[in-house]
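What follows is a single structure, written as structure tokens, with notes after it.
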Protein chains: 2
Amino acid sequence: MPPYTATSLKAELNARGWRLTPQREKILHVFQNLPRGNHLSAEELYSLLEQREEGISLSTIYRSVKLMSRMGILRELELAEGHKHYELNQPYPHHHHHLVCIQCNKTIEFKNDSILKQSLKQCEKEGFQLIDCQLTVMTICPEALRMGWPSTLPSNWSCTRAISEGKTLKSLVAEDEDKE
Amino acid sequence: MPPYTATSLKAELNARGWRLTPQREKILHVFQNLPRGNHLSAEELYSLLEQREEGISLSTIYRSVKLMSRMGILRELELAEGHKHYELNQPYPHHHHHLVCIQCNKTIEFKNDSILKQSLKQCEKEGFQLIDCQLTVMTICPEALRMGWPSTLPSNWSCTRAISEGKTLKSLVAEDEDKE
DNA sequence: CTCGTTGCAAAGCGTTTGCATGGCA
DNA sequence: TGCCATGCAAACGCTTTGCAACGAG
């Protein structure tokens with residue numbers, strides 16, 4: 001799947017009885033020029049376009065990102081921030097996943113082909129068609145750990161389950177095989 | 001790691017200056033008796049408890065599932081349904097992931113150890129501490145494909161999988177009560 | 001010309017919060 | 001007894017929707 005251009009976007013929209021509007025073109029353009037590792041919320045996209053004096057109403061923003069997500073052009077991210085973020089849905093080999101600090105929301109992008117392979121395998125097994133797969137790794141970042149997590153929470157808080165889960169798994173990583 | 005009991009829940013709560021209340025105990029109980037592969041939204045949990053005449057206010061539900069998620073007892077799922085779902089956070093080897101139809105929300109649970117391994121590997125590389133990792137595979141189910149996805153869908157169409165999924169809540173209550 | 005699309009404002013919906021009351025440690 | 005937790009209702013923030021005007025095909 002090649003990256004979208006205004007022309008191919010128009011073609012795909014028209015094929016489904018939808019239309020290419022200046023608004024949709026501008027939105028696509030923003031995402032195409034977004035530096036790698038960035039993703040925008042509807043609100044952020046809105047104010048970004050506002051700053052460029054290409055204002056688009058918030059409702060159109062919402063309608064467009066939803067449509068473009070359903071078309072497979074954008075990717076809807078559910079990070080731990082209480083609202084959705086969007087980015088270009090880049091096919092393999094640009095496909096990637098996210099590691100998020102649940103304390104400060106810091107996000108790191110990472111690639112891992114085997115995850116996509118595993119997802120595909122699962123889809124084929126069930127007879128479903130893969131649209132996207134997202135691995136979200138919920139973590140505590142080093143800064144948050146240094147800042148005192150988990151003591152930023154009441155007294156001697158700790159997520160004992162997660163900790164012992166981590167310990168159990170170290171042995172698994174050692175034997176790491178990455179076989180599909 | 002052993003599953004939580006009312007006693008161990010109390011111990012962990014008290015250790016952090018929190019308290020075991022009948023409400024929290026009932027909520028834990030519901031999740032412990034939930035058939036595998038099921039997860040509840042706050043609203044569903046609320047009406048489930050209401051049907052048993054053990055009513056708990058919605059705000060307490062929200063406060064409790066949030067607290068228990070942060071303690072690592074529950075797992076907060078971001079499926080493609082516009083609201084969060086919760087399930088017991090079962091450590092390896094019961095850890096699992098989800099395949100979701102973005103049209104009808106039909107969800108299939110699947111296990112895959114390599115995903116957990118890859119996540120842990122990534123965490124160690126970045127120096128982050130793993131709390132949880134969730135692979136969500138967004139798909140179109142065979143039925144939605146047959147209906148002509150994506151161009152010919154009526155705006156409010158949902159395939160029969162979604163309908164039968166919706167019906168399960170009642171049967172869950174029945175099953176759960178049998179186990180008491 | 002038609003019918004999808006936009007902008008605006010209002011509504012919707014899941015979730016959170018302030019506050020007085022209740023109840024666990 | 002002190003203080004966390006609950007229930008209620010109101011507030012909140014993100015997102016969706018109704019409607020009249022607009023404009024792409």
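By convention in this document, chain letters (A, B, ...) are assigned in the order of the sequence lines, proteins followed by strands, and residues within each chain are numbered from 1. Every heavy atom of this structure was used, including side-chain atoms; hydrogens, water molecules and symmetry mates were not.
In this structure, A:Leu67 atom CG and C:dT5 atom P are separated by 7 Å, rounded to whole Å. Going from atom NZ of A:Lys66 over to atom C1' of C:dT5 covers 15 Å, rounded to whole Å. What separates CD1 of B:Ile56 from P of C:dG22 is a distance of 18 Å, to the nearest Å. Taking atom CH2 of A:Trp18 as the reference point, atom P of C:dG4 lies 11 Å away to the nearest angstrom. Between the CG atom of A:Leu58 and the C1' atom of C:dT6 there is a distance of 13 Å, rounded to whole Å. In this structure, A:Leu20 places its CG atom 13 Å from C1' of C:dG4, rounding to the nearest Å. The distance between atom CD of B:Glu76 and atom P of C:dG14, rounded to the nearest whole Å, is 15 Å. Atom P of nucleotide C:dG7 and atom CG of A:Leu49 are separated by 11 Å, given to the nearest angstrom.
Each of A:Tyr46 and B:Pro22 was matched to the nucleotide of DNA chain C holding its nearest heavy atom; the match closer to the 5' end belongs to A:Tyr46. Nucleotides of DNA chain D nearest to B:Leu13 and B:Ser59 differ in position, and the one nearer the 5' end is that of B:Leu13. Toward the 5' end of DNA chain C, the nearer of the two residues A:Gln23 and B:His83, judged by each one's closest nucleotide, is A:Gln23.
Pairs passing the salt bridge (charged side-chain N to carboxylate O under 4.0 Å, His left out) check and including a residue from residues 33-45 of chain A, sequence neighbours excluded, read A:Arg36-A:Glu109.
Contact of the B:His97 side chain with the B:Val137 side chain is not registered, since no non-hydrogen atoms from C-beta on lie closer than 4.5 Å. Contact of the B:His98 side chain with the B:Ile108 side chain is not registered, since no non-hydrogen atoms from C-beta on lie closer than 4.5 Å.
The environment of A:His29 atom NE2 is sparse: at most 12 non-hydrogen atoms of other residues, nucleotides or ligands sit within 6.0 angstrom.
In this structure, the nucleotide among C:dT2, C:dA25, C:dT15 sitting nearest to the side chain of B:Lys84 is C:dT15.
Note: A:His85 and A:His39 have tilted aromatic rings, judged against thresholds of 30 and 60 degrees for the angle between ring planes.
A:Leu135 is connected to B:Leu130 through a chain of hydrophobic side-chain contacts under 4.5 Å among Ile, Leu, Val, Met, Phe, Trp and Tyr, so both are in one cluster.
Within 4.0 Å of A:Thr21, counting heavy atoms only, lie sugar-phosphate atoms of the nucleic acid but no base atom. Residue contacts for B:Arg63: at a heavy-atom cut-off of 4.0 Å it reaches a base atom on one of the strands shown.
Protein chain A touches strand DNA chain D; the 5'-most and 3'-most nucleotides with an atom under 4.0 angstrom of its non-hydrogen atoms are D:dC14 to D:dG25.
Proximity of B:Tyr62 to the phosphate of C:dT15: a side-chain N or O atom is located under 4.0 Å from OP1 or OP2.
Of the options B:Leu40, B:Leu45, B:Leu88, a side-chain contact (heavy atoms from CB on, under 4.5 Å) to B:Leu34 is made by B:Leu40 and by none of the others.
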